[in-house]
Amino acid sequence: MRSHTSRRFRLLLAAAAALCISAPLAVPALAQESASAPASTPSTASTSTEAQPSTATPSTSAPALSNGLPTEPAPPRTLRAYWHVWIAFTLAWLLLFGYVVSVGRRFGKVERELEAMGG
Amino acid sequence: MDTEPQSLRGTRTAAAVLALLAAAGVLAALYMVFFYAPTETSMGIVQRIFYVHVPSAWVAFMAFGIVALCSLGYLWLRDERLDAIAVSAAELGTVFTTIVLLTGPLWGRIAWGAWWVWEPRLTLTLLLWFIYVGYFMLRGAAESAERGKRFAAVLGIVGAVDIPLIHLSVQWFRSQHPKPVILRPEGPTADPEIVQTLLVSLLAFTLLFFALLLYRYGLERLRARVEAARLRAADARPAAPIEGAFR
C-alpha cells in the first residue's frame with residue numbers, strides 16, 4: 001500500500017514547484033516599476049554597498065542626488081539578468097522537487113518490500 | 001503493542017504538518033521576493049537570487065551541524081535513530097549545498113562578470129560539498145553497514161569544521177564574496193524590506209528543511225524495519241543441510 005502521506009506530500013511539492021517556477025516570470029514588469037520609483041531611496045542604496053562584492057567601487061554613502069535624480073549611472077538592466085534570476089529559482093525548486101520525488105520512489109520501493117515480507 | 005509503526009505514523013504526520021507550514025512560508029516568501037522587496041540599486045534584478053542563495057546556505061549549514069551532532073551521539077550511544085537523522089540531514093545538506101553552488105555562479109556572472117572565482121568562501125563551500133559526497137561514498141564502500149556508519153560519522157564530525165571556516169572566511173581573508181548584511185555586530189545594514197524578505201525566506205526554507213528531514217527520516221526507519229524483518233526471516237528459516245555432513 002502506497003502511503004497517502006507521501007503522495008499528498010509530493011502533490012503539495014509539485015504545486016509549490018509549479019508556482020515557484022512561474023513566479024519569476026512576473027518579475028520584468030514589476031522590476032521596471034520598482035526601479036523607476038522607490039529604488040533610489042537612500043536606505044536601499046546603502047544596501048547596495050553591503051551586497052556588492054569587495055572589488056566593486058567601495059562607496060559607502062548614498063548616491064549623490066541632483067534635483068532628486070541620481071547622478072551616478074544606473075546599473076545595467078540587461079535581459080540576461082532576468083534569465084539568471086529565472087534559472088536560479090527554477091533550478092532550486094526543480095532540484096528540491098526532484099529530491100522529494102526520489103525519496104517518494106524509495107519509500108514506495110521499501111514499502112513494497114515490506115509488504116512482500118508480510119510486515 | 002507495536003510502537004514502531006506508530007512512531008513512523010507520527011513522524012509522517014509531523015512531516016505533513018510541517019510541509020503545509022513550509023508551503024505557506026514558501027508562498028509568502030515568493031510573494032515578498034517578487035512583489036514586496038525593492039530592486040537593489042547597484043545590482044538590479046539579479047540581487048533577488050540572494051533570497052534563495054542565502055537561505056539555502058543557512059539550511060545547508062544547519063543540516064551539516066545536525067549531521068555532526070547526531071554522528072557524535074551515534075558514536076557515543078550507538079543509537080540507530082541518531083544515524084538515521086544524520087544520514088537524512090547529510091542528504092538534505094548536500095541538496096541545499098548544490099543549490100548554493102548553482103545559484104551563486106548565476107549571480108556572480110552578472111555581478112562579477114565571472115561564473116566562478118577561486119576565492120576562500122567559494123572554494124571552502126565546494127570542499128564542503130565534496131566532503132558530504134564522500135560521506136555517502138564512505139557509507140556505501142565499507143564492507144559492513146556498521147563500519148560504514150562509523151566511518152561516515154567520523155567524516156560527518158570532521159566535515160562540520162568547514163562550516164565556521166566558510167562563515168568567517170570573508171573576514172579572515174581577502175574575499176570577493178559579499179560580507180554579511182544581517183549578522184553584523186552593528187546590526188543589519190540592508191533596507192528593512194530586504195531584511196524582512198530575507199527573514200521570511202529563511203523561515204520558509206527552515207520549515208521546508210525540517211519537513212523534508214522528517215520525511216527522509218521516515219524512509220530510513222522503514223528501511224530499518226525491512227532489515228529487521230529480513231533478519232527475523234533468516235533466523236526462522238531452518239538451516240539447509242550441508243551436503244556430505246554426518247555421513
Side-chain angles (χ1 to χ4, degrees), chain A residues 3 5-6 8-9 12-13 15-16 19-20 23-24 26-28 30-31 34-35 38-41 43-56 63 70 74-78 80-82 84-85 87-89 91-93 95-96 99-100 103 106-107 110-111 113-114 117-119, chain B residues 12-13 15-16 19-20 23 26-27 30-31 33-35 38-50 52-53 56 91-92 95 98-99 102-103 106-107 109-112 174-179 181 189-194 208 211-212 215-216 218-219 222-223 225-226 229-230 233:
Chain A
S3 94
T5 317
S6 59
R8 244 179 282 145
F9 196 84
L12 224 145
L13 257 291
L19 248 161
C20 299
V27 166
L30 211 101
S34 56
S40 57
T41 55
S43 59
T44 316
S46 72
T47 316
S48 69
T49 55
E50 279 313 311
Q52 262 177 353
S54 55
T55 49
R77 298 193 192 283
T78 58
R80 189 172 182 163
Y82 292 103
H84 281 229
V85 173
I87 293 168
F89 277 81
L91 270 179
W93 293 112
L95 208 69
L96 283 172
Y99 178 72
V100 173
V103 177
R106 283 183 274 172
F107 238 121
V110 177
E111 274 172 344
E113 254 178 77
L114 195 65
M117 294 171 91
Chain B
R12 284 180 179 193
T13 312
L20 275 174
V26 165
L27 287 178
L30 280 172
Y31 173 81
V33 169
F34 295 112
F35 299 95
T39 301
E40 209 264 349
T41 46
S42 72
M43 279 182 285
I45 190 75
V46 82
Q47 183 268 340
R48 283 175 211 263
I49 291 177
F50 170 80
V52 69
H53 179 78
S56 300
E91 211 173 90
L92 277 162
V95 170
T98 309
I99 293 175
L102 288 174
T103 53
L106 283 162
W107 172 85
R109 183 71 185 88
I110 303 289
W112 295 341
R174 279 172 63 88
S175 178
Q176 221 175 325
H177 194 280
K179 304 253 182 306
V181 286
T189 50
D191 206 30
E193 283 95 341
I194 289 178
L208 185 64
L212 291 171
Y215 186 46
R216 178 66 181 79
L219 171 65
L222 199 65
R223 268 189 188 154
R225 271 185 68 193
V226 170
R230 198 173 283 152

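The sequence lines fix the lettering, A, B, ..., with proteins before strands; numbering per chain opens at 1. Atoms considered below: every heavy atom in the structure, side chains included; atoms not considered: hydrogens, waters and symmetry mates. Nothing here was measured: the structure is a model prediction, and the numbers come from that model.
B/Arg216 CZ to A/Arg106 CZ: the interatomic distance, rounded to the nearest 0.5 Å, is 5.0 Å.
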Inset, instruction - Show the numbers, then the answer: is there a side-chain contact (heavy atoms from CB on, under 4.5 Å) between A/His84 and B/Arg48? - result: CA-CA 10 Å; A/His84 281 229; B/Arg48 283 175 211 263; over 6 Å; no

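Smallest separation of non-hydrogen atoms from B/Val226 and A/Met117: O-CE, 3.8 Å. The heavy-atom pair separating B/Ile45 from A/Val85 by the smallest distance is O-CG2, 3.4 Å. The shortest non-hydrogen separation linking A/Trp93 to B/Leu208 is CZ3-CD2, 3.8 Å. Nearest heavy atom pair, residue A/Leu91 against residue B/Leu106, reads CD1-CD1, 4.2 Å. Here the shortest heavy-atom pairing between A/Leu95 and B/Ile99 reads CD2-CG1, 3.5 Å. Here the closest heavy-atom approach between residue B/Val33 and residue A/Phe89 is recorded as CG1-CZ, 3.8 Å.
Contact tally against chain A (heavy-atom pairs below 4.5 Å) for B/Ile49, B/Thr103, B/Val46: the top residue is B/Ile49.
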